[in-house]
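Beneath this line is the structure, given in structure tokens, with notes to follow.
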Amino acid sequence: KAGVTQTPRYLIKTRGQQVTLSCSPISGHRSVSWYQQTPGQGLQFLFEYFSETQRNKGNFPGRFSGRQFSNSRSEMNVSTLELGDSALYLCASSVTMPPTDTQYFGPGTRLTVL
Amino acid sequence: AQSVTQPDIHITVSEGASLELRCNYSYGATPYLFWYVQSPGQGLQLLLKYFSGDTLVQGIKGFEAEFKRSQSSFNLRKPSVHWSDAAEYFCAVGSSNTGKLIFGQGTTLQVKP
């Protein structure tokens, strides 16, 4: 069974631009969570989707948004990029709700904002 | 507030030596505890998890962890470290209310030949 895939793997943008990252969960998984990883703040929860509904959201500004499609694929969008948005963005999927259901992480998208 | 502390930012051990990575958590209810490993440029791989039951849990790659409620700890151990174990290790507690994982800051493991 294929793992969680994230595209693109690397992305370079400039301040003020917007970006869309994509995550394809493991087949049969309906929950997708997003995390931001930076050297200073570590791993922080962005949001979690289940069956196209956002169930939980972390403490991030409204510039960060996401959605989930009927096939469970998810996208996250960051508008008006800032230098501090440079990070590794990780997607994780599980069959149902984490943490009782184990989450499996993708390789991440490395976003660099210049 | 829920939190996870990994007191050791960086640990160096010799190949073949034993390893213990420390993790302390703060969580009001019965915690869901995890250890993940991350190699450079990679995502997170689950090593093991604890939800309930036997407090000593076995994971992949020869790792084990012990849950000690009285000490609010979930330390990761391996009896004999291999060079391929060099990576960053994250302890996490899962919230049953929000579904999110709260991670520690990570411990970087270096293995000396």
Side-chain angles (χ1 to χ4, degrees), chain A residues 2-7 9-10 21 23-26 29-51 53-60 66 87-110 112, chain B residues 1-10 23-25 27-53 57-60 63 65 67 74 87-108:
Chain A
V4 178
T5 57
Q6 293 187 245
T7 56
R9 292 291 312 276
Y10 301 91
L21 312 181
C23 172
S24 293
I26 293 171
H29 287 198
R30 296 168 64 190
S31 169
V32 173
S33 298
W34 289 89
Y35 289 82
Q36 181 196 62
Q37 184 177 22
T38 60
Q41 299 299 315
L43 283 150
Q44 294 186 287
F45 173 77
L46 281 157
F47 25 65
E48 187 245 343
Y49 287 88
F50 182 85
S51 293
T53 301
Q54 184 184 90
R55 289 196 296 196
N56 292 291
K57 190 176 191 306
N59 189 26
F60 278 82
L88 181 67
Y89 290 88
L90 293 165
C91 164
S93 76
S94 57
V95 176
T96 58
M97 184 174 180
T100 51
D101 203 13
T102 301
Q103 292 178 286
Y104 296 89
F105 283 80
T109 294
R110 172 74 63 186
T112 301
Chain B
Q2 300 156 2
S3 65
V4 177
T5 302
Q6 293 179 245
D8 304 305
I9 296 173
H10 191 234
C23 172
N24 293 98
Y25 67 90
Y27 189 76
T30 301
Y32 297 85
L33 294 163
F34 305 82
W35 275 100
Y36 283 89
V37 61
Q38 185 178 38
S39 298
Q42 301 298 313
L44 301 173
Q45 182 182 23
L46 179 68
L47 287 175
L48 46 77
K49 61 186 178 185
Y50 172 79
F51 289 174
S52 64
V57 293
Q58 303 295 322
I60 62 171
F63 286 93
F67 170 62
F74 188 57
E88 191 161 17
Y89 292 79
F90 293 93
C91 180
V93 62
S95 167
S96 57
N97 292 330
T98 65
K100 72 178 181 180
L101 293 176
I102 300 159
F103 288 89
Q105 286 297 103
T107 297
T108 300

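Owing to the predicted nature of the structure, the values given are computational and were not obtained by experimental measurement. In what follows, every chain begins at residue 1, and chains take the letters A, B, ... in the order their sequences are listed.
A/Gln6 places a side-chain N or O within 3.5 Å of a backbone atom of A/Cys91 that can act as its donor or acceptor partner. For A/Tyr49 (side chain) and A/Gly66 (main-chain N/O), a donor-acceptor pair under 3.5 Å exists by modelled atom type. Under a 3.5 Å cut-off, the side chain of B/Gln6 and the backbone N or O of B/Gly106 do form a donor-acceptor pair.
The contact between A/Leu90 and chain B is made entirely by side chain atoms (from C-beta outward), counting heavy-atom distances below 4.5 Å. Only the side chain of B/Lys49 has a heavy atom closer than 4.5 Å to any heavy atom of chain A. For A/Leu88, the part lying under 4.5 angstrom from a heavy atom of chain B is the side chain only. Proximity to chain A involves both the backbone and the side chain of B/Leu44, based on heavy atoms less than 4.5 angstrom apart. With a 4.5 angstrom heavy-atom cutoff, B/Gln38 touches chain A only via side-chain atoms. For chain B, no part of A/Ser33 is nearby; none of its heavy atoms comes within less than 4.5 Å.
Side-chain atoms of A/Thr96 and A/Asp101 include a donor-acceptor pair closer than 3.5 Å.
For the pair A/Met97/A/Asn56, a side-chain contact is recorded, criterion being any heavy-atom separation below 4.5 Å from C-beta on. Side-chain contact between A/Pro98 and A/Arg55: present, with at least one pair of heavy atoms (C-beta onward) separated by less than 4.5 Å.
Relative orientation of the A/Tyr35 and A/Phe45 rings is perpendicular, given thresholds of 30° and 60° on the angle between their planes.
Your options are A/Gln44, A/Gln37, A/Arg9, A/Arg110, and the one with the most heavy-atom pairs under 4.5 Å with chain B is A/Gln37.
Of residues 102-109 of chain A, those residues with a non-hydrogen atom less than 4.5 Å from any non-hydrogen atom of chain B are, in numerical order, A/Thr102, A/Gln103, A/Phe105, A/Gly106, A/Pro107.
Counting heavy atoms of neighbouring residues, nucleotides and ligands inside a 6.0 Å radius, atom CD1 of B/Ile9 does not exceed 12 of them.
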| message | Before you tell me yes or no, could you show the steps for B/Tyr50 and B/Phe74 under side chain to side chain contact (heavy atoms under 4.5 Å, CB included), namely the whole-Å CA-CA distance, both residues' side-chain angles and the distance that decides it to 0.1 Å? | response | CA-CA 9 Å; B/Tyr50 172 79; B/Phe74 188 57; 3.6 Å; yes

